[in-house]
*Asks:* 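The structure under discussion is supplied below as structure tokens; questions concerning it will follow.
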2 protein chains.
Amino acid sequence: MTEAPAHDRGTRSREAILDTATDLMSRHGYAATSISMISAACGLPASSIYWHFGSKDGIYVAVLQRARITLETALPSIDVPGADVAQRLDSFLEALTVVFQRHPHGTKLLLGLSMLQQSASAEAVAELHRYRDTLMAWARGALSRVFDLGDRPEVSEELARFTLRTASGTAVARWFEPAASLDIEPLRVALRALAAHRSGVPAGKTPRVGHP
Amino acid sequence: MTEAPAHDRGTRSREAILDTATDLMSRHGYAATSISMISAACGLPASSIYWHFGSKDGIYVAVLQRARITLETALPSIDVPGADVAQRLDSFLEALTVVFQRHPHGTKLLLGLSMLQQSASAEAVAELHRYRDTLMAWARGALSRVFDLGDRPEVSEELARFTLRTASGTAVARWFEPAASLDIEPLRVALRALAAHRSGVPAGKTPRVGHP
DNA sequence: GTCTATAGAGGGATAGAC
DNA sequence: GTCTATCCCTCTATAGAC
């Protein structure tokens, strides 16, 4: 154990730092997480952290990047199984639940860190967008299969956006009730109704919204 | 102007501090907002800020409290006008849009600051919950009127929860696209479908959700 | 109530031995 | 790659004159 290839030592340390940084930053937010907190929690001195990542912002970018890559390899196939719409919708919602539960970092990071605004570096903002785009692309593709929307990409887009907003809103709700789950049932009803609505209404016959 | 009643001077300063603190904290988050930033932005020295609020946490609590009170007095009547369901739903969604656009502090604060977790004081957490409860109570009451759900409080509750989660999700989405609006249309369709679903299904006939 | 000045702690980041 | 030690800065909070 102790004579592990010296080559791996650095890699292991790097991962350990990323683990603790992911945990702390998703719980406290970027600004409230200090290098010394990370150092104390993972056992490595601050200088090692700087050697690996160069700056606090560098850690943040690396954390986001790794989270996205993990998410990408973990996302179930877009080829949602199921014979009819109901079955495919079930499959999709089940996959969504799994993603939501197994990868809370993503949503938490988007929440807890996204308010950097001006303070965030360009790379950090880019990584944040990449993470969101990954989720959107998956949801769009999967929902297109579920409702067979190959010829109506704008409907898939709307359904995906709606789904992600519901998921984000649930992540927010979790702060108040940590046990809050994704509430699959209303989402199922809403998605079916929305898909039906958009199929029946040939795009354009949108009832007035009422913006004086 | 300069000879304003000396009595008001303190009150005015207090309000000025709260204004800038609300702005800065909702943009950068609690941790990333420093006393010196507030001091520089509002022109008063740090010691005045401490004289008024005692601590940084005290500012946060006061900011939340004032935001909630402002919201409460601004919330439209729960007595949603309209002859039929469609009209009342329109009224409700319009009111929701106004609240969402005119009081972005609330959602932003819930987002930007809610990740305090352990670091937050008990009072801060209490205020945060009070803010959320205010919104929930309003949405619950209004939706009960819209769909005439006086005898089914659990349905009003579900609809309100769904509505607030959508709104929260939209607030999150705004970070990526600052112009993102509330997407009234899908919400309308979803709420109608949900209400109809719950009216037709006598509570209990919930299709399996699929948790192995 | 508002100011100047400052204490005391902790932040991010680096130097240089090993 | 990892360590100890440290620089410099900003932070929260307070003291005390006005």
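Each chain gets a letter, A, B and so on, in the order its sequence line appears, and its residues count up from 1. Because the structure is predicted, anything quoted here is derived from the model rather than measured.
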*Asks:* Between B:I17 (CD1) and C:dG1 (P), how many Å, whole number?
*Replies:* 11 Å
*Asks:* Only distances under 3.5 Å count here; give the side-chain donor-acceptor pairs of residues 139-147 of chain B to other protein atoms, sequence neighbours excluded, each with its distance to 0.1 Å.
*Replies:*
from   : atom 1 : to     : atom 2 : distance (Å)
B:R140 : NH1    : B:E157 : OE1    : 2.9
B:R145 : NH1    : B:D79  : OD1    : 2.6

*Asks:* Rounded to the nearest Å, what distance is computed from the CD1 atom of residue B:I35 to the P atom of nucleotide C:dG8?
*Replies:* 20 Å
*Asks:* Tell me the interatomic distance from A:Y50, atom OH, to D:dA5, atom C1', rounded to whole angstroms.
*Replies:* 15 Å
*Asks:* Between protein and nucleotides 6-8 of chain D, what N or O pairs are separated by less than 3.5 Å?
*Replies:*
none

*Asks:* Write down the distance between CG (A:D8) and P (D:dG1), rounded to a whole number of angstrom.
*Replies:* 9 Å
*Asks:* Rounded to whole angstrom units, what separation is found between the NE2 atom of B:H28 and the C1' atom of D:dT10?
*Replies:* 16 Å
*Asks:* In Å and rounded to the nearest 0.5 Å, what is the CZ to CZ distance from A:R130 to A:R132?
*Replies:* 13.5 Å
*Asks:* So how far is it from B:R102 CZ to B:L71 CG, rounded to the nearest 0.5 Å?
*Replies:* 12.5 Å
*Asks:* Show the nearest heavy-atom pair for residues A:G150 and A:P153, with the distance to one decimal.
*Replies:* O-CD, 4.3 Å
*Asks:* Look for any protein N or O under 3.5 Å of an N or O in nucleotides 2-6 of chain C and output each such pair with its distance, or none.
*Replies:*
from  : atom 1 : to    : atom 2 : distance (Å)
C:dT2 : OP1    : B:S13 : OG     : 2.5
C:dT2 : OP2    : B:H52 : NE2    : 2.8
C:dC3 : N4     : B:S47 : OG     : 2.8
C:dT4 : O4     : B:S47 : OG     : 2.9

*Asks:* In whole angstrom, give the distance that lies between atom NZ of B:K56 and atom C1' of C:dA9.
*Replies:* 15 Å
*Asks:* Contact between A:L149 and A:R198 at the side-chain level, heavy atoms closer than 4.5 Å - yes or no?
*Replies:* no
*Asks:* Identify whether any heavy atom of A:T33 sits under 4.0 Å from a base atom; if not, whether one sits that close to sugar-phosphate; answer base, sugar-phosphate or nothing.
*Replies:* sugar-phosphate
*Asks:* Heavy atoms, side chains only, cut-off 4.5 Å: are B:L128 and B:Y60 in contact?
*Replies:* yes
*Asks:* Can you check the A:I38 CD1 to C:dG10 P distance for me, whole Å?
*Replies:* 17 Å
*Asks:* Counting just side-chain N and O atoms, does B:S34 come under 4.0 Å of either OP1 or OP2 of D:dT10?
*Replies:* no
*Asks:* Are side-chain heavy atoms of B:F53 and B:R14 found at a separation under 4.5 Å?
*Replies:* yes
*Asks:* Quick one: do B:R188 and B:E185 make a salt bridge, cutoff under 4.0 Å?
*Replies:* yes
